[in-house]
Q: 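After the structure tokens below, expect a handful of questions from me.
Residue numbers begin at 1 in each chain, while the letters A, B, ... track the order of the sequences. Computed over heavy atoms, backbone and side chain alike; hydrogens, waters and symmetry mates excluded.
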Amino acid sequence: MSLAVQPIDDSETINPEAVRRDFPIFSGSTQPRRFHYLDHAATTPKPSAVINSISDCYAQCYAPIHRGLYPMAEQATSNYEHARRTLQHFIGAASPDELVFTRSATEAINMVASGWLKPRLERGDVVWVSRMEHHSNYLPWQLVCQEQQAQLRFIELTEDGQLDLDGTPELFAERTKFIAITHVSNVLGTENPVATLCTTAREYGIPVLVDAAQSVSHIELDVAEMCCDFLAFSAHKMFGPTGIGLLYGRQERLAEMAPLQVGGGMVDSVGDGMEESRWAAIPARFEAGSPDMPGAVGFAAAADYLSSLGHERVHRHIVSLTRLAAQRLMRIDGIRLLPHAGLPASGIVSFTHHNMHPHDMAQIAGEAGVAIRAGHHCAQPLLRRLGLTATARASFSVYNDESDIDALIDAIISAQRVFCE
Amino acid sequence: MSLAVQPIDDSETINPEAVRRDFPIFSGSTQPRRFHYLDHAATTPKPSAVINSISDCYAQCYAPIHRGLYPMAEQATSNYEHARRTLQHFIGAASPDELVFTRSATEAINMVASGWLKPRLERGDVVWVSRMEHHSNYLPWQLVCQEQQAQLRFIELTEDGQLDLDGTPELFAERTKFIAITHVSNVLGTENPVATLCTTAREYGIPVLVDAAQSVSHIELDVAEMCCDFLAFSAHKMFGPTGIGLLYGRQERLAEMAPLQVGGGMVDSVGDGMEESRWAAIPARFEAGSPDMPGAVGFAAAADYLSSLGHERVHRHIVSLTRLAAQRLMRIDGIRLLPHAGLPASGIVSFTHHNMHPHDMAQIAGEAGVAIRAGHHCAQPLLRRLGLTATARASFSVYNDESDIDALIDAIISAQRVFCE
Amino acid sequence: MIAQDLYKETLLEHYRHPKNRCDGPIQDADAVERGANPRCGDEIEIGIFLQDENIRHVQFRGRGCAICIASASMLTEAVAGLSVAGTRILCEQMHDWFGDIEPAAGALLPNGLQALAAVRQHPARQKCVLLSWEALADAIDKAGRE
Amino acid sequence: MIAQDLYKETLLEHYRHPKNRCDGPIQDADAVERGANPRCGDEIEIGIFLQDENIRHVQFRGRGCAICIASASMLTEAVAGLSVAGTRILCEQMHDWFGDIEPAAGALLPNGLQALAAVRQHPARQKCVLLSWEALADAIDKAGRE
Ligand SMILES: Cc1ncc(COP(=O)(O)O)c(C=O)c1O
Ligand SMILES: Cc1ncc(COP(=O)(O)O)c(C=O)c1O
């Protein structure tokens, strides 16, 4: 159960305009006209609460962590550990020791692939990922499979972009040693049934890592309920700072994991030459080097901010906006939505145009003040399967409203005028 | 040659009081009395220029790096790459492609140990480190030696805390595959003759990594002159933000290095299942995951700030202050300085007291507003050789002055009153 | 009105009606080389037809964004009739201009390629311009070797 | 004047004149166990002398900071005469108080240990207090096993 901050405003719906005012980037003079930011799946702007929490660390209470004996060092350490506990409650973890601060979701996943899985993976074993993984939740598993001569296999997708679990009868077979799966796809927006999958996997004794990079900003996470062994996400996609992320690992699993990096702060005793060194307790063992205290504090401030908005309300707002965007895009001649059936279930809508390259659409949109993304979205295996090399993608957040959709539609229509005349 | 910013003030000496005003932490109301921060070897406070550069990124120009096609994404990318070029000039590197943004010095060293050395290290090979390494420039080499059944050996120290190169005739022997050495010791303050060592090593074809974590804040670095293959440091010890560091690698060496982490942004083409993936060009190959643009921009702002103070002047100020501190400490009954001969050559002075534990000295000092460090300073192999388990350490920076030394001496004397009555 | 910056009329004209584009495989060329940008999935094939030491004719085939297609189309016009040596130099110059190595040299672009100059302001799109030029350089090398 | 917080006079008294400290090896104890904090190099050896189900006497040996030495010295006084079972519970309580697991319980500290309470405000020093208590718990376990 999460001890998340209560929403400050208990009305049913979000007031996008009010929330927008929390984000200084939208009031800056740098934008010539209103800035329609629709690239939240890549990274999110930051509210003042987060920006200020970081500046305050540097300006008011900055010192080394876990080492100094003077008051400011004790305070800095306590702020760092307080941030860990805030995030513990944010994801419903049993203990703060189950949370490791990492540089990013990417680093968190690499740590598990090489520190937990690699020493356990044998020739002929199988690791499963879904067809819709981001490269960050794909390449680490591919690499470890190559190194150990194991096999990496796909859970393929159905026509409407869902996991084809029925078509994957060997998922829980004996040789399966690990499953890594995204909670929400960064291209299709699909929300995967991770709790069901993890629960079944646990019955078979197969550990699962859930990539929550795309879900954490609008779905309340509860690792106990989800029943996952590992969970990873980055602060920067949930209104937090760059350069910091989180690895959650069940205590038992973390205890089995070898550190990816070694150095100061993660060791109890260091042997001379080839004499053995003894690692520190968990989670310090996995945090080699000077901790990023201001990053952690900003990360926790972002979690508090999100909790104060209320996950439920945020989710409802984003989904209904994205559906509206999808419906209006569909009506434009030549536009095709992905997946080819069903309406968006989260904040992401991907599309192509039969006559315009996604890069050209994104460029024209960008010049009109609408920030959308074009490319493979670090999901080449998915795009290859869809027979595409790039899509355009709009991804929504809590302060977006219909005017952003209007601007998007206008931009696509003017792109059509430029390219399809 | 470095294209560093010119000092703003061309007088010969630093005005500590003026510089101090650049650092908001010293004007805060959080300190009951004047705050005598003497723990710069652990981490440094930040000037407003750095704090503001980070807030400005978040508040004014924040977007994903290397991917977006809209104007703010292009600007954010250009700011990130501009930061890389600032640091390139700061260390005199031949090309920006020789600079990899990492989380820290620790990560940079781990990357080289496991990505460059490990695939080349064979049973019976030898890796050398000095006796005075920080755990972060020790454990990665110890681990890779254990994994490859190679040997990790020490360059021992002379009585006065210098590298005993005469006593290490096998340093450049045939089985030597790598040397990792700190530029300045974080315990003794010794400055090692890295340029001489690297130049000789290159004649023997032995790559050298220089750990510049302790030198970068007061010695002008020039990797061409230094002739090193790799160089590592963290931003947070040179007035920059936490959570970001730098790996410099000669282009030829980086080209040979395998990535420590894989994921989004570091790959050109990704194969299905076991089909091969192709890494991106250097340095992107080593920067998996969303880059920490505000961190990089703050890092560059710190480099510019340091350059504007002028390395020469900073160095002179710090060394003369540290010498004065050493002379005054020496006069206190029961205090012993490390090393046992010679005066400090940089900003660090370590000491013990025959009747007080370093922790107790540091605690009393801390309560008197003097922040010093006590412990093994992540240098257990050194302390073991010195027959110690902990020292007290004071480390100075550019805004410190005699009043900080007075406060330190007073604190030690009152500690004596408490413990040695 | 918008997009004036990047998508000049000349560029769009080349995109809408590319010159020397093949729908099927390029046939009877002295050398054919392919360039691909895995990051956006663009692919361009360049075929060169030589006459003594000169480029008589160039054809291309492939798919890509407007800038990629326009650059390939312009390329076929810009180098037709040039000497092989001159073409090689032009390839290098394109690389330096758009790779941001010789920023000042943009003004020296041949007339037929001026419409591409605006792309230099958009680093993320430079590879779109260069794809066909890199394939051309490879094709020249290949022809030289055979 | 300063250091009132942490270094109470009682604590300093124990540090300057530790009770039941051996300079050489602890001899004839029912069990001796050692605790070490590699992070600061402190080392404490605890030897217990039993009488039936009670702790008759405890000795310690080692080096450490003032808090570490004072805690060990206070320990020897606090548990002398206690039952083994009661000592076990006290060890657990110390662990919970100083490991920040039961913050509220600090007030329940036996009188002789009150001078340590201030250390709870300094998480970095908690291990200094606990070192001897952990060694004591180990020694009790060891004696029980033999
Ligand atoms: C000499 C030396 N090397 C490496 C490091 C590691 O730096 P970081 O913790 O920022 O990775 C430090 C400081 O902690 C140091 O003093
Ligand atoms: C689904 C998913 N997983 C992982 C990542 C990697 O996150 P980061 O780049 O912050 O490590 C991303 C975003 O880039 C993502 O969308």
Side-chain angles (χ1 to χ4, degrees), chain A residues 24-25 28 30 39 42-43 45-46 51 55 58-62 64 67-72 103-104 106-107 110 134-136 139-140 142-143 152-153 234 236 242-244 261-264 267 270 272-274 277 288-290 292-295 359 362-363 366 371 373-375 378 380-381, chain B residues 24-25 28 30 39 42-43 45-46 51 55 58-62 64 67-71 103-104 106-107 110 134-136 139-140 142-143 151-153 234 236 242-244 261-264 267 270 272-274 277 288-290 292-295 359 362-363 366 371 373-375 378 380-381:
Chain A
I25 203 160
T30 23
D39 199 9
T43 195
K46 318 304 169 202
I51 302 175
S55 314
Y58 286 128
Q60 288 166 27
C61 180
Y62 180 78
R67 300 183 196 174
L69 299 174
Y70 42 96
M72 203 184 281
R103 185 175 53 174
S104 59
T106 300
E107 182 179 51
N110 276 276
H134 186 279
H135 293 164
S136 288
L139 289 170
Q142 188 184 50
L143 194 64
L152 182 66
R153 298 187 57 186
S234 291
H236 73 93
T242 54
I244 194 158
Q261 293 180 34
V262 295
V267 70
V270 171
D272 275 9
M274 303 314 293
S277 299
S290 305
D292 179 8
M293 180 273 287
H359 281 187
Q363 187 93 40
R373 185 56 149 286
C378 296
Q380 288 183 20
Chain B
I25 204 160
T30 24
D39 199 9
T43 195
K46 319 303 169 202
I51 302 175
S55 314
Y58 286 129
Q60 288 167 26
C61 181
Y62 179 77
R67 300 183 194 174
L69 299 173
Y70 41 96
R103 185 174 55 174
S104 59
T106 300
E107 182 180 52
N110 276 276
H134 187 280
H135 293 165
S136 288
L139 289 170
Q142 188 185 49
L143 194 64
Q151 256 192 71
L152 183 65
R153 297 187 60 186
S234 291
H236 73 92
T242 54
I244 193 159
Q261 292 179 35
V262 296
V267 70
V270 172
D272 274 9
M274 303 313 293
S277 299
S290 304
D292 178 7
M293 181 272 289
H359 282 188
Q363 187 93 40
R373 184 56 147 285
C378 296
Q380 288 184 19

Q: Based on non-hydrogen pairs under 4.5 Å, which of Pro381(A), Gly295(A), Gly273(A), Pro294(A) is most in contact with chain B?
A: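 Result: the option with the highest number of such pairs is Gly273(A).
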
Q: Using non-hydrogen atoms only, which part of Pro64(B) is less than 4.5 Å away from chain A: side chain, backbone, both, or neither?
A: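 It is both, since atoms from each part get that close.
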
Q: Using non-hydrogen atoms only, which part of Val270(B) is less than 4.5 Å away from chain A: side chain, backbone, both, or neither?
A: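 The answer is both parts of Val270(B).
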
Q: For Ser277(A), run the side chain to side chain donor-acceptor pair (under 3.5 Å) check against Gln142(B), Gln380(B), His135(B) and tell me which one passes.
A: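 Between Ser277(A) and the candidates, side chain to side chain donor-acceptor pair (under 3.5 Å) is satisfied uniquely by Gln142(B).
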
Q: Between Gly264(B) and Cys378(A), what is the shortest heavy-atom contact and its length?
A: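 Shortest heavy-atom contact: CA-SG, 3.9 Å.
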
Q: In terms of heavy-atom pairs under 4.5 Å with chain B, which of Ala288(A), Ala362(A), Ser104(A) leads?
A: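 Among Ala288(A), Ala362(A), Ser104(A), the one with the most close pairs to chain B is Ala288(A).
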
Q: Need one label for His236(B): side chain, backbone, both or neither, based on atoms under 4.5 Å from any heavy atom in chain A.
A: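 Looking at His236(B), backbone and side chain both touch chain A.
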
Q: So, the side chain of Gln363(B) versus the backbone of Tyr70(A): is there a donor-acceptor pair under 3.5 Å, distance only?
A: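 Flag not set: sc Gln363(B) to bb Tyr70(A) has no pair under 3.5 Å.
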
Q: Between Ser290(A), Ala42(A), Ala374(A), Gly375(A), which has the largest tally of heavy atom pairs under 4.5 Å with chain B?
A: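 Highest number of pairs under 4.5 Å: Ser290(A).
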
Q: Tell me, side chain or backbone of Ile244(A) under 4.5 Å from chain B's heavy atoms, or both, or neither?
A: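 Neither part; nothing is under 4.5 Å.
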
Q: So how far is it from Asp39(B) CG to Arg67(A) CZ, rounded to the nearest 0.5 Å?
A: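 That separation rounds to 10.0 Å.
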
Q: Treating Gln261(B) as the side-chain partner and Asn110(A) as the backbone partner, does any N or O pair qualify as donor plus acceptor under 3.5 Å?
A: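 No, because the side chain of Gln261(B) does not come within donor-acceptor range (under 3.5 Å) of the backbone of Asn110(A).
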
Q: For Tyr62(A), enumerate each residue passing the side chain to side chain donor-acceptor pair (under 3.5 Å) test, keeping only those at least two apart in sequence or located in another chain.
A: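 Tyr62(A): side chain to side chain donor-acceptor pair (under 3.5 Å) contacts with Thr43(B), Lys46(B).
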
Q: Is Met293(B) close to Thr242(A) at the side-chain level, that is, under 4.5 Å between some pair of heavy atoms?
A: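 They are not in side-chain contact.
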
Q: Out of Val262(A), Val267(A), Thr106(A), return the one with the most heavy atom pairs under 4.5 angstrom to chain B.
A: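 Highest number of pairs under 4.5 Å: Val262(A).
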
Q: Using non-hydrogen atoms only, which part of Arg103(A) is less than 4.5 Å away from chain B: side chain, backbone, both, or neither?
A: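 Answer is both: backbone and side chain atoms of Arg103(A) are under 4.5 Å from chain B.
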
